[in-house]
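These values consider heavy atoms only, across backbone and side chains, with no hydrogens, waters or symmetry-generated copies. Every chain is numbered from 1, with letters handed out A, B, ... down the list of sequences.
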Amino acid sequence: MSRTCRPTGSTTLTAAARGGTFSPPYCRTRGQDGAGGAVSTARLPRILMLLSFRRGAAVSDRRTHPNPWPHEAAMAIPVPATPVRVRIAPSPTGDPHVGTAYIGLFNAAFALRHGGQFILRIEDTDQKRSTRQSETAIFDSLHWVGLRWDEGPDVGGPCGPYRQSERSSIYLAHSQLLLDNGTAYRCFCTAERLEAVRADQRSRKETARYDGFCRGLDPTHADRRAQQGEACVVRLRMRQEGETAVPDALRGQVVYDNRQIDDQVLIKSDGLPTYHLANVVDDHLMGITHVIRAEEWLNSTPKHLALYEAFGWTPPVFVHMPLLRNADKSKISKRKNPTSLQYYQRAGILPEAMLNFLALMGYSRKDEAGADIEKFGFAEFAADLELSRISLGGPVFDLEKLRWINGLYIRAMTPAELADRAVRWFGQDDRAAEIAALVQERVPELGDYMHHAGPFYRGSLDYGANARYLLVGCASRKKYAVRMPIAASRAFFEDVIAGLESLTEWSAPAIEAVLRATLATIPAAIGDGMMAVRVAVCGRPASPPLFESIAAIGRATVLVRLREVCNLLAEPRALADIAAGLRQELQATESALAAALGAPAVASSPSAAGST
RNA sequence: GCCCCGUUAGUCUAGCGGUCAGGACACGGCCCUCUCAAGGCUGGGACAGGAGUUCAAUUCUCCUACGGGGCACCA
């Protein structure tokens, strides 16, 4: 039972042969809607081909389970005779995300496996949130984990430009095509009206979607209004009856009622395309054969299919990967997990370990004996990658296992290699000089360097006995110190996080401004508040100048630490444990001391533990 | 609320009608050992529930429950 992808000519059954009645995989009920007159018959051979593969196809299977399409089990991923072209399309809004590396890994490996190309495209159609800084950070981080792309904004290629913000005219021209053939229309509805419609629909417990107010507008009249400068968007004219079946390569046919699907905005009033339009146009123009993306896109695929149909194009093969999860199984988020690749890089995770770990999320490899192979590199992974073997349950991103794998790689090095890697990791860090400058005054001997520089080179921190400083003012020696309770301290840290998150420029003065502004809102003394932040960020009550330190530690890491402090403070039990531990520790020390001095042990007072 | 996807131990997974339900992380015990790791041995721990199909269901079908995602002029 072969699991290998085979070219078109393989011997598996065709959908027609199996199913008897055959209709195209999407829009199974063709609408009578005359407006959308786009071609579709040209696609048929391709579609047949897509359907002619199923996972481990065996005729006997079909006999025992004459399970008619479309409830077909997942099929093996079809690989056409044309070269495989895949892509990732990250949006440059914020820190480079582990999810990007995850999807990138599977795309890149799939391309390598089939001798195709892997393309990086930047989806920066959201003017408000996209930044160049974020874009270069994405390049850097993806390079860091070892991903290389054949085409992209930084390396060029025959299908450029690879930045959507540089392709506006292309999208506009294509939207005009749809306007011309009637599969799209102009909409002049205001945001307020749309919101009212949605609220109304929700109150009536219906799916919130556009109500088609501008659907019937006369096109020439609408064009004139647009020309006169009236703000408008372009919407897709979605078929209003029948069903659309999405052929997902891992799930089989996923069927949607067309009435559930919105008349999606294609061109925003700023003239830029939405993701949906840009993505379909680019994938087609760039010759993408397989769209391997996250599951969160599954529900919008019917819209994409409708677009391919409106243009008369052949859609690619769709593969929706499971979503990486937090420990509570929700979609991975920075609130509950470090999600920034920069965090892992600075925490000393090896890129090859990160990639290896990511490959284990939803995928597994076995040796001849049937035992799992846990440690493997990109090339090995790609060599026998079979997308149809991906398991669909959302894998929890487990830091413990990541650390274990990282240790595997570290132990596999020769001591000389490890020394070399470690020294390079410290030395080539672009912050090395910055950190040295901060630590310099506190280093009487070189040997002290590591102690003081430690917090700059770690990921999350272990607060231990210093945890008490996290309660603002509680460890203060000031005479009239305001001691803030747990909840208030946590709220304070939440505010600090919000302030730091909103910073466009990550610099000491900017950080100082945020901290001072936040401190102004709490009753505690400035110094006491700063101390709490210092311990949260540096792990100790003694550190180099705070603002500079925060700047040097870096946004991703600082925010992870602050969020962990919030989580810690949200768990009173953990705090009580810390307090109890402190008291015990103190008592033990005193007893030991007393014993050593030959005097009876003195009962210690709880207040000596530092919390009042 | 509506739609879609998913469900094997705390976690990552194997399994594609008949298995003592396999491996890994984590956890416990023992060994090694000056400590801590690492390593070796070992232990506990899972098919969400209910119907149905079948001689036989973890595996196929349906229902329920639970988890997740989507429902934007964000991607």
Side-chain angles (χ1 to χ4, degrees), chain A residues 1 3 55-56 58 61 64-67 71 73-74 89-94 97 122-130 164 187 189-191 194-195 198 201-210 231-235 246 248 250-252 254-257 259-262 264-276 278-279 293-303 320 322-323 325-332 357 359-367 369-375 389-405 407-408 410-411:
Chain A
M1 184 174 311
R3 286 218 163 96
R55 185 197 257 209
D61 252 333
T64 11
H65 301 291
N67 166 35
H71 297 294
S91 181
T93 54
H97 201 275
I122 291 293
E123 306 235 337
D124 54 354
T125 54
D126 184 349
Q127 280 183 305
K128 293 183 204 82
R129 297 194 302 150
S130 301
Q164 292 186 330
C187 168
C189 293
T190 61
L194 294 177
E195 192 40 56
R198 270 193 286 272
Q201 284 166 335
R202 259 190 262 267
S203 73
R204 290 209 311 273
K205 302 181 176 181
E206 290 170 9
T207 301
R209 62 192 289 271
Y210 181 60
C232 73
V233 301
V234 175
R235 284 183 186 274
V246 174
D248 180 89
L250 303 178
R251 277 158 264 256
V254 182
V255 181
Y256 294 85
D257 186 331
R259 277 165 303 220
Q260 291 291 332
I261 306 165
D262 213 352
Q264 181 63 46
V265 170
L266 266 20
I267 300 281
K268 299 179 272 189
S269 54
D270 64 3
L272 290 179
T274 57
Y275 167 83
H276 305 283
N279 149 66
R293 68 197 341 174
E295 188 180 356
E296 54 190 335
W297 297 111
L298 183 58
N299 285 331
S300 48
T301 311
K303 295 170 183 173
H320 290 97
L323 252 26
R325 308 291 184 91
N326 297 312
D328 65 3
K329 296 277 189 178
S330 55
K331 173 166 102 171
I332 195 165
F357 174 66
L360 255 16
M361 301 275 86
Y363 202 75
S364 67
R365 305 175 69 233
K366 299 218 164 283
D367 61 20
D372 283 8
I373 305 173
E374 303 276 350
K375 183 170 179 283
R389 288 180 41 82
I390 290 166
S391 61
L392 263 15
V396 172
F397 194 88
D398 181 6
L399 279 318
E400 282 300 333
K401 187 141 184 178
L402 206 210
R403 288 162 60 82
W404 171 72
I405 290 177
L408 237 40
I410 286 176
R411 272 172 254 130

message: With a 4.0 Å cutoff (strictly under), does any side-chain N or O of A:T125 reach OP1 or OP2 of B:A75?
response: yes
task: Tell me whether the OP1 or OP2 atom of B:A72 has a side-chain N or O from A:K268 closer than 4.0 Å.
output: no
task: Answer with base, sugar-phosphate or nothing: what part of the nucleic acid does A:C232 contact at a heavy-atom distance below 4.0 Å?
output: nothing
- request: Return the orientation label for the A:Y275 and A:W297 ring planes: parallel under 30°, perpendicular over 60°, tilted otherwise.
  value: parallel
Atom pair distance, as rounded to whole Å: CD in A:E123 and C1' in B:C74: 11 Å
message: Applying the Watson-Crick and G-U wobble criteria at under 3.5 Å, what pairs with B:G17? Answer none if nothing qualifies.
response: none
query: OP1 or OP2 of B:G15 less than 4.0 angstrom from a side-chain nitrogen or oxygen of A:R389, does that happen here?
result: yes
query: Which is true for A:S391 with a 4.0 Å heavy-atom rule: it touches a base, it touches only sugar-phosphate, or it touches nothing?
result: sugar-phosphate
message: Judged by each residue's nearest nucleotide on RNA chain B, which is more toward the 5′ side, A:E296 or A:D270?
response: A:E296
- prompt: Between A:K128 and A:D257, which has a closest nucleotide on RNA chain B that is more 5'?
  reply: A:D257
- prompt: What nucleotide, of B:A75, B:C4, B:A72, holds the atom closest to the side chain of A:A208?
  reply: B:A72
query: Taking the side chain of A:K401 as heavy atoms from C-beta outward, which of B:C5, B:C25, B:U13 is closest to it?
result: B:C25
Euclidean distance for C1', B:U64 against B:G18 (whole angstrom): 28 Å
- prompt: Contact class for A:V233 (heavy atom, under 4.0 Å): base, sugar-phosphate, or nothing?
  reply: base
message: If you apply the rule salt bridge (Lys or Arg N to Asp or Glu O under 4.0 Å), what do you find for A:D372 with A:R365, and how did you get there?
response: CA-CA 6 Å; A:D372 283 8; A:R365 305 175 69 233; over 6 Å; no
- request: Taking only Lys NZ, Arg NE, NH1 and NH2, and the carboxylate oxygens of Asp or Glu, determine whether A:D398 and A:K401 approach each other closer than 4.0 Å.
  value: no
query: What is the distance from CD of A:E295 to C1' of B:G70, rounded to the nearest Å?
result: 10 Å
Rounded distance in Å - CG (A:L408) to P (B:C12): 19 Å
field: Complement of B:A37, any strand, by Watson-Crick or G-U distances under 3.5 angstrom
entry: none
- request: Taking the side chain as every heavy atom from C-beta outward, state whether A:Y256 and A:L298 have any atom pair closer than 4.5 Å.
  value: yes
field: Residue matched to B:U7 through Watson-Crick or wobble contacts both under 3.5 angstrom
entry: B:A65
task: Identify the nucleotide, in any strand shown, that forms a Watson-Crick or G-U wobble pair with B:G1, with both distances under 3.5 Å; if there is none, say none.
output: B:C71
field: Atom-to-atom span, CG of A:L392 to P of B:G69 - whole angstrom
entry: 15 Å
field: OP1 or OP2 of B:A75 under 4.0 Å from side-chain N/O of A:K303
entry: no
- line: Closest of B:G67, B:C25, B:A75 to the A:T274 side chain is B:A75
- line: Separation of B:C4 atom C1' from A:H320 atom NE2, nearest Å, is 11 Å
field: B:C63 and B:A72, which share atom name C1', separated by this distance in whole Å
entry: 35 Å
message: Are there over 12 heavy-atom neighbours, none belonging to A:R198, within less than 6.0 Å of that residue's CZ?
response: yes
message: Measuring only the C1' atom in each nucleotide, how far is B:G52 from B:G17? A whole number of Å is fine.
response: 15 Å
query: Looking only at side-chain N and O atoms, does A:K331 come under 4.0 Å of OP1 or OP2 in B:G70?
result: yes
Spacing of the C1' atoms in B:A26 and B:G6 (rounded, Å): 24 Å
message: On the nucleotide B:C73, are OP1 or OP2 found under 4.0 Å from the side-chain N or O atoms that A:R235 carries?
response: yes
query: B:C27 P sits how many Å from A:D398 CG, rounded?
result: 11 Å
query: Could you walk me through whether A:R293 and A:N279 pass the side chain to side chain contact (heavy atoms under 4.5 Å, CB included) check?
result: CA-CA 12 Å; A:R293 68 197 341 174; A:N279 149 66; 3.6 Å; yes
- prompt: Among B:C73, B:C25, B:G22, which is the nearest nucleotide to the side chain of A:S269?
  reply: B:C73
- prompt: Between B:C25 and B:A75, how far is it from one P atom to the other, in whole Å?
  reply: 43 Å
- line: The nucleotide from B:C4, B:C73, B:C3 with an atom nearest the side chain of A:Q260 is B:C3
- prompt: Starting at CD1 of A:I390 and ending at C1' of B:C16, how long is that distance when rounded to a whole Å?
  reply: 17 Å
message: Show the nearest heavy-atom pair for residues A:D124 and A:P92, with the distance to one decimal.
response: CB-CG, 3.8 Å
- prompt: Which is true for A:R198 with a 4.0 Å heavy-atom rule: it touches a base, it touches only sugar-phosphate, or it touches nothing?
  reply: sugar-phosphate
message: At 4.0 Å (heavy atoms only), tell me whether A:F357 reaches a base, stays on the sugar-phosphate, or touches nothing.
response: nothing
Rounded distance in Å between the P positions of B:C74 and B:A65: 36 Å
message: Any strand counts, and the cut-off is 3.5 Å on both contacts for Watson-Crick or G-U wobble. Which nucleotide pairs with B:A46?
response: none
query: So, do A:H320 and A:L250 sit near enough that their side-chain heavy atoms are less than 4.5 Å apart?
result: no
- prompt: A:L298 CG to B:G68 P: how many Å, rounded?
  reply: 17 Å
- prompt: When all nucleic acid strands are considered with a 4.0 Å heavy-atom cut-off, which category describes A:G362: base, sugar-phosphate, or nothing?
  reply: sugar-phosphate
query: Under the side chain to side chain contact (heavy atoms under 4.5 Å, CB included) criterion, do A:N326 and A:I332 qualify, and how do the steps go?
result: CA-CA 5 Å; A:N326 297 312; A:I332 195 165; 3.6 Å; yes
Between B:C47 and B:C55 - C1' atom distance, rounded Å: 22 Å
Rounded distance in Å between the P positions of B:G1 and B:U58: 33 Å
- line: Looking only at B:G69, B:G23, B:C12, the nucleotide nearest the A:A371 side chain is B:G23
- prompt: Is any side-chain nitrogen or oxygen of A:R411 closer than 4.0 Å to OP1 or OP2 of B:G39?
  reply: yes
- request: Side chain of A:R251 only, please: which of B:C5, B:A72, B:C73 is the nearest?
  value: B:C5
